[in-house]
Amino acid sequence: MKITIGHLYPDLLNLYGDRGNIACLMKRCQWRGIEAETIEFESDDAIDFSKLDIVLLGGGSDREQMLVCEKLKVIQKNFKAYVEDNGVVIAVCGGYQLLGNYYKTEEGTIEGLHLVDLYTEQGEGRLIDNIVIQSDLFELPVVGFENHGGRTYINDNQPFGKVLYGSGNTGESGYEGVVYKNVIGTYLHGPLLPKNPQVCDWLIQRALERKYGAVEPLAPLDDSWELEANAYICNRFLK
Ligand code: GLN
């Protein structure tokens, strides 16, 4: 079995080392004998979504998002078809905002990809802190760090999780991120997947099922360090 990961615009969207998420996806496949390949697409490259099993859209500053927004118009139709065909996507922070209809900032409105019916508006002050959420998809809480000025409104979509500590989508809704088909959008930055191997394995499992039909559940790996780190963060922030 083989998984091909598409990393979109690492030249523009790579805040807080989003690339670490790629390394995690690759390693957790390889450790199980699943072949893994990553294709990096820079801003002007053509993207053949039919060759991809997982797409990663990382975070960026407002300025970079503004630049990327022009490129997105070119790929919108094919990206939408990929999502509707249950293509797996992990979109982090700026990438999460770009999944939606628009991101309104003081400098202007950034047109989104219209892949998920949500929108983002810049609010007063940035929401910066550690964050712990409980997702219906996993038993273990998902832990991370958030830093965003945008507030994301997900309409009737399913959130990624309920905020146990931190701000989440708007700082007020009590929810974080979004799940739509096989797409996860989240404000949890950088090392989301190394910190949360259960999220990484969900993406791999979904990608394998889409490509190969019914497959065995992924073989467990030794995640004792990750579990210890997760417990430490939960103990620190959840009183
Ligand atoms: N520029 C966006 C915001 O501030 C996203 C930032 C990010 O990716 N960290 O809301």
Side-chain angles (χ1 to χ4, degrees), residues 6-24 40-43 55-73 75 79 89-133 142-155 157 159-161 163 165-180 183-196 199 203:
H7 190 181
L8 265 54
Y9 313 131
D11 52 334
L12 289 171
L13 300 178
N14 188 31
L15 263 190
Y16 297 91
D18 287 319
R19 214 178 235 115
N21 290 323
I22 298 280
C24 185
E40 293 196 348
F41 297 99
E42 301 214 335
S43 328
V55 168
L56 181 128
L57 198 55
S61 66
D62 290 357
R63 194 189 129 267
E64 288 158 332
Q65 281 174 273
M66 196 72 94
L67 292 172
V68 143
C69 141
E70 284 309 306
K71 317 287 173 194
L72 297 181
K73 287 186 187 138
I75 61 163
F79 202 169
V89 179
I90 177 74
V92 175
C93 204
Y96 166 35
Q97 296 171 341
L98 289 170
L99 290 180
N101 303 331
Y102 65 83
Y103 170 30
K104 194 168 163 194
T105 76
E106 274 174 10
E107 312 293 318
T109 298
I110 299 169
E111 176 86 17
L113 279 158
H114 299 263
L115 301 181
V116 184
D117 182 24
L118 57 84
Y119 63 96
T120 302
E121 294 184 347
Q122 199 170 44
E124 218 167 283
R126 299 187 68 78
L127 303 174
I128 310 173
D129 204 345
N130 289 283
I131 175 163
V132 182
I133 66 172
V142 177
V143 299
F145 186 80
E146 60 182 326
N147 179 357
H148 51 107
R151 278 42 169 188
T152 298
Y153 301 88
I154 62 170
N155 295 320
N157 286 296
F160 181 36
V163 176
Y165 178 87
S167 296
N169 282 339
T170 67
E172 284 164 4
S173 69
Y175 291 101
E176 202 290 316
V178 76
V179 180
Y180 172 73
V183 178
I184 294 179
T186 177
Y187 274 118
L188 275 61
H189 258 304
L192 165 73
L193 301 183
K195 275 188 183 171
N196 299 284
V199 181
L203 299 168

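Below, all heavy atoms of this structure are taken into account, side chains as well, without hydrogens, waters or symmetry copies. Note that ligands are numbered from 1 as they come in the structure, with each ligand's atoms numbered from 1 the same way.
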* Asked: What is the ring orientation for Tyr96 with Tyr187, classed by angle as parallel under 30°, tilted 30 to 60°, or perpendicular over 60°?
  -> perpendicular
* Nearest heavy-atom neighbours spanning Pro10 and Phe41 -> CD-O, 3.3 Å
* To do: Could you tell me whether a side-chain N or O of Gln122 sits under 3.5 Å from a main-chain N or O of Glu106, the two making a donor and an acceptor?
  => yes
* Contact check, side chains of Val92 and Leu188, non-hydrogen atoms, under 4.5 Å -> no
* Structure fact -> From the list Glu121, His114, Gln97, side chain to side chain donor-acceptor pair (under 3.5 Å) with Tyr102 holds only for Glu121
For a distance cut-off of 3.5 Å, show me each N or O of ligand 1 paired with any protein N or O, plus the separation.
| residue | atom | partner | partner atom | Å |
| --- | --- | --- | --- | --- |
| ligand 1 | 1 (N) | Gly60 | O | 3.2 |
| ligand 1 | 1 (N) | Asp62 | N | 3.4 |
| ligand 1 | 1 (N) | Asp62 | OD1 | 2.5 |
| ligand 1 | 1 (N) | Gln65 | OE1 | 2.7 |
| ligand 1 | 4 (O) | Arg126 | NH1 | 3.2 |
| ligand 1 | 4 (O) | Arg126 | NH2 | 2.9 |
| ligand 1 | 4 (O) | Gly149 | N | 3.0 |
| ligand 1 | 8 (O) | Gly60 | N | 3.2 |
| ligand 1 | 8 (O) | Gly60 | O | 3.2 |
| ligand 1 | 8 (O) | Gly94 | N | 2.9 |
| ligand 1 | 9 (N) | Asn147 | O | 3.1 |
| ligand 1 | 9 (N) | His189 | NE2 | 3.0 |
| ligand 1 | 10 (O) | Gln97 | NE2 | 2.9 |
| ligand 1 | 10 (O) | Tyr103 | OH | 3.3 |
| ligand 1 | 10 (O) | Gly149 | N | 2.9 |
| ligand 1 | 10 (O) | Gly150 | N | 2.9 |

* To do: Evaluate the side-chain contact (heavy atoms from CB on, under 4.5 Å) criterion for residues Phe79 and Leu72: first the C-alpha distance (whole Å), next the side-chain angles of each, then the deciding distance (0.1 Å), finally the verdict.
  => CA-CA 9 Å; Phe79 202 169; Leu72 297 181; 5.6 Å; no
